[in-house]
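Everything numeric here is computed off the predicted structure, so don't read it as measured data.
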Amino acid sequence: MSPDAVRSFTKALLVDLQALEEMLSRGMIESGIRRFGAEQEAFLVDTTFHPAPVAPEVLERLGPGSFTTELARFNIEANLSPVPLEGGCFRTVHREIDALLVQLREAAAEEGADVILTGILPTIKKSDLSFENITPVPRYFALNDALNRMRGGTPYNLKVVGWDELHVEHDSVMLEACNASCQFHLQVSAEEFAPFYNAAQAVLAPVLSAAANSPILFGKRLWAETRIALFQQSLDTRATSVHQREMPPRVSFGEHWIDGSDVELFQEDIARFRVILAEAAEEDALQ
């Protein structure tokens with residue numbers, strides 16, 4: 001990734017941000033309706049409940065539709081249909097998740113695997129995170145290469161102290177493959193974004209404590225929600241010297257409330273973090 005490519009990509013990002021500001025000022029963002037959708041991630045396991053690296057084969061059996069890849073060959077993701085936030089919407093989403101899991105389990109069974117929904121698979125081992133188990137998709141290889149370059153070739157360090165203490169070094173981004181989740185996305189109008197974002201930040205801690213679902217990693221009893229530390233550290237590009245300068249991590253819960261619009265979040269990220277991957281812009285967002 002050359003300096004020219006990074007500069008060109010950053011310029012395109014700034015143009016996109018300008019286009020977003022223009023859309024907001026002209027009221028071009030849909031309003032008057034609230035929808036929500038979800039992503040359901042899952043682990044594929046064998047008969048001993050250890051990771052089964054057969055996601056590409058399972059996806060081929062499923063065909064085009066709701067399912068897609070994740071970082072590792074033992075992870076898979078289902079994307080649900082967005083529905084209006086009204087009436088029996090939660091029941092509708094629950095039924096769709098159940099139906100998709102039936103499809104997924106049937107396809108996985110044909111590859112000798114089963115499906116488990118959990119934050120971190122308790123049986124996962126460090127040996128399961130070998131580069132052989134990365135999903136064979138170019139963007140995952142590119143992400144790993146880019147993060148390795150930004151880290152200067154230093155190993156990924158994971159240190160978590162809970163009931164037990166875990167300190168692991170790894171040579172790739174595959175530590176992130178230990179994480180899975182169910183993510184909900186809420187659509188609101190542009191005018192509502194700031195108060196909804198701030199409210200979400202305010203209720204984050206109690207909701208997270210109620211939904212804790214990952215106490216064990218590599219056989220160690222750690223945090224009730226170990227995914228927080230794992231996600232932050234597995235994608236951390238800061239060197240020791242940068243830590244000492246208190247450069248913020250890429251993964252965090254944010255620094256402050258939003259005053260105006262979502263543009264503030266994008267402006268802050270562009271200003272604070274280096275580009276990881278860059279590609280040529282195919283169009284000018286302002287044209």
Side-chain angles (χ1 to χ4, degrees), residues 1 3 5-39 79 82 84-85 139 143 146-147 150-151 173 176 179 181-209 211 225 227-239 242-287:
M1 188 170 63
V6 172
R7 282 192 293 270
S8 177
F9 184 75
T10 302
K11 182 179 179 181
L13 280 178
L14 294 174
V15 172
D16 286 349
L17 196 57
Q18 187 179 350
L20 175 58
E21 291 178 303
E22 178 71 14
M23 292 174 66
L24 291 172
S25 67
R26 295 169 58 182
M28 298 174 66
I29 305 296
E30 184 183 34
S31 62
I33 185 171
R34 291 179 188 156
R35 299 184 182 90
F36 80 102
E39 305 170 30
N79 292 295
L85 188 63
R139 67 188 177 100
L143 175 63
L147 290 175
M150 295 181 76
R151 296 178 60 84
V173 73
E176 167 56 18
N179 275 339
S181 63
C182 183
Q183 305 166 26
F184 286 90
H185 308 279
L186 176 65
Q187 175 189 337
V188 299
S189 67
E191 296 77 15
E192 295 174 316
F193 180 84
F196 269 75
Y197 176 87
N198 292 338
Q201 292 290 81
V203 302
L204 181 61
V207 170
L208 195 57
S209 66
E225 191 50 270
R227 285 178 296 181
I228 298 172
L230 177 57
F231 189 39
Q232 182 182 61
Q233 296 180 46
S234 64
L235 297 178
D236 201 342
T237 58
R238 300 174 299 175
V242 182
H243 274 295
Q244 293 171 347
R245 292 198 297 269
E246 297 185 353
M247 184 175 181
R250 285 184 175 269
V251 179
S252 73
F253 290 112
E255 299 291 334
H256 53 77
W257 306 116
I258 295 298
D259 296 319
S261 73
D262 55 339
V263 172
E264 295 175 38
L265 298 174
F266 295 115
Q267 288 173 333
E268 185 174 310
D269 285 348
I270 292 173
R272 297 172 80 182
F273 302 116
R274 288 187 295 163
V275 171
I276 294 179
L277 294 173
E279 62 180 14
E282 298 181 358
E283 61 183 19
D284 187 330
L286 291 173
Q287 297 298 320

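- Across all non-hydrogen atoms, the minimal contact from S31 to S189 is CB-CB, 3.6 Å.
- Remark: E30 engages R35, Q187 in a side-chain hydrogen bond (donor to acceptor under 3.5 Å, both in side chains) (not counting sequence neighbours).
- Checked by atom type and distance alone, the side chain of S261 pairs as donor or acceptor with a backbone atom of V263 at under 3.5 Å.
- Summarising the geometry, atom CD1 belonging to I258 is positioned 6.0 Å from atom CZ belonging to F193; distances are rounded to the nearest 0.5 Å.
- For the residue pair R272 and E268, the shortest heavy atom distance occurs at NH1-OE2, 2.5 Å.
- How far CG of L235 is from CG of L230: 8.5 Å, rounded to the nearest 0.5 Å.
- With no hydrogens or angles considered, no side-chain donor-acceptor pair links E264 and H256 at under 3.5 Å.
- Residues forming a ring pair (Phe, Tyr, Trp, His ring centres under 6.0 Å) with F231 (at least two apart in sequence, or on another chain): none.
- To the nearest 0.5 angstrom, D259 atom CG is 8.0 Å from N198 atom CG.
- Between the E176 side chain and the V173 main chain, no donor and acceptor come within less than 3.5 Å of each other.
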Review item, side-chain donor-acceptor pairs of residues 9-27, under 3.5 Å, at least two apart:
| residue | atom | partner | partner atom | Å |
| --- | --- | --- | --- | --- |
| T10 | OG1 | V6 | O | 2.8 |
| S25 | OG | E21 | O | 3.4 |
| S25 | OG | E22 | O | 2.8 |

